[in-house]
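Worksheet for the structure shown next.
Each chain gets a letter, A, B and so on, in the order its sequence line appears, and its residues count up from 1.
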Amino acid sequence: MRLATWNVNSVKARLPRLLGWLEETRPDVVCLQETKCRADMFPAAEVGELGYETAAHGDGRWNGVAVLSRVGVADVTRGLPGEPVYQGAAEDDPQTRLTEPVLTRPEARAIGATCGGVRVWSLYAPNGRTPDSAHYLYKLEWFAALREALAAELSEGAPLVACGDYNVAPTDEDVWDPAVFTGSTHVTPAERRALAELRALGLHDVIPTPMKGPRPYTYWDYRAGMFHKDMGMRIDLFYANDAVVRRVRSAYVDREARKGKGPSDHAPVVVDLDTDPG
DNA sequence: ATGTCCCAGTCTCTGGGA
């Protein structure tokens with residue numbers, strides 16, 4: 001069974017590349033993030049022609065997550081119980097308030113589905129912007145809601161995967177130059193503590209093989225030739241419980257998908273599992 | 001590092017977000 005997670009940075013803009021990648025890579029289950037697409041606008045028919053069922057959760061312009069599966073989609077959950085609502089715009093200056101309406105409902109950052117006997121979560125953590133911002137506090141609150149949701153599901157011990165764009169580099173090894181990130185989000189102790197609390201629930205970080213270069217980065221900024229200089233970050237994570245980890249045969253970063261014309265700024269992480277021993 | 005890409009609305013440019 002082949003699973004993958006990929007922040008596509010707009011499923012509409014990436015559709016030709018997504019379809020080509022699905023045909024070439026043939027994953028059984030794909031978790032997508034930053035689809036930037038309302039659920040009813042998701043190109044389900046196009047991926048359906050390749051044999052995939054879709055479960056999508058989207059609110060339009062930003063965010064958006066989905067699960068594609070050719071081994072079934074059941075028990076779809078959109079959002080997290082108790083997930084926070086970002087109120088930052090209300091605290092900003094009056095001009096911002098005029099142009100950016102205060103959110104009244106949660107953002108589309110989590111969707112869960114059961115696919116081929118595995119409970120799968122596609123996750124897109126808030127960016128956090130700067131550590132002194134309201135958005136950073138929102139990010140930490142979102143992780144707290146995620147922890148509660150996963151704790152409830154993990155208590156059964158059934159196979160579970162929580163993968164996606166966590167917008168946190170777990171260690172200094174997971175950024176190209178730790179000195180550059182001093183004072184920035186993605187590396188703060190509180191964010192890393194949020195990841196540690198998830199692992200304390202019984203989740204394990206399935207670290208992929210980089211394929212090229214010393215580190216398995218999954219994201220490289222579009223600007224300044226960052227990809228070609230391998231100045232990246234590992235922020236797309238594949239967290240799995242014991243029932244999944246003991247079946248992991250291999251895992252890799254598909255950096256080929258970051259090359260060429262019109263790529264996402266993230267590369268997919270692909271994980272192959274042995275057949276469930278039963 | 002701040003060199004690009006994507007989105008929607010103000011719509012062949014701008015501002016916001018990452």
Checklist entry - What interatomic distance, in whole Å, is found between P of B:dT2 and the corresponding atom of B:dA8? => result 29 Å

Checklist entry - How long is the line joining OH of A:Y222 and P of B:dG17, in whole Å? => result 18 Å

Checklist entry - Could you give the CZ-to-C1' distance, from A:R109 to B:dA18, as a whole number of Å? => result 11 Å

Checklist entry - Atom CG of A:D265 to atom P of B:dA1: distance rounded to whole Å? => result 19 Å

Item to check | Side-chain H-bond candidate by donor/acceptor type, A:N9 with A:Y222, under 3.5 Å | outcome: yes

Next on the checklist: Taking the P atom in each of B:dG16 and B:dC11, what is the distance between them to the nearest angstrom?
Outcome noted: 16 Å

Next on the checklist: For the P atoms, the ones on B:dA1 and on B:dG17, what distance do you get once it is rounded to whole angstrom?
Outcome noted: 23 Å

Checklist entry - Would one find a side-chain N or O of A:R129 under 4.0 angstrom from OP1 or OP2 of B:dG16? => result no

Checklist outcome for this item: Here the distance between atom P of B:dA1 and atom CE of A:M231, to the nearest Å, is 8 Å

Item to check | Euclidean distance, atom CG of residue A:L15 to atom P of B:dC7 [Å, nearest integer] | outcome: 12 Å

Checklist entry - How close or far is atom C1' of B:dG17 from atom NE2 of A:H266, stated in whole angstroms? => result 12 Å

Checklist outcome for this item: Whole-Å distance, A:D221 CG to B:dG17 P, equals 17 Å

Checklist entry - Taking NE2 from A:H186 and P from B:dA1, how many angstroms apart are they, rounded to a whole number? => result 16 Å

Checklist entry - So among A:D274, A:D28, A:D272, which one has a salt bridge (Lys or Arg N to Asp or Glu O under 4.0 Å) with A:R2? => result A:D272

Next on the checklist: Distance alone, cut at 3.5 Å: any donor-acceptor contact between the side chains of A:E107 and A:W142?
Outcome noted: no

Checklist entry - So what does A:M226 touch, heavy atoms closer than 4.0 Å: a base, only the sugar-phosphate, or nothing? => result base

Next on the checklist: Once you apply a heavy-atom cut-off of 4.0 Å, does A:Y124 come out as touching a base, just sugar-phosphate, or nothing?
Outcome noted: sugar-phosphate

Next on the checklist: Distance alone, cut at 3.5 Å: any donor-acceptor contact between the side chains of A:D254 and A:W21?
Outcome noted: yes

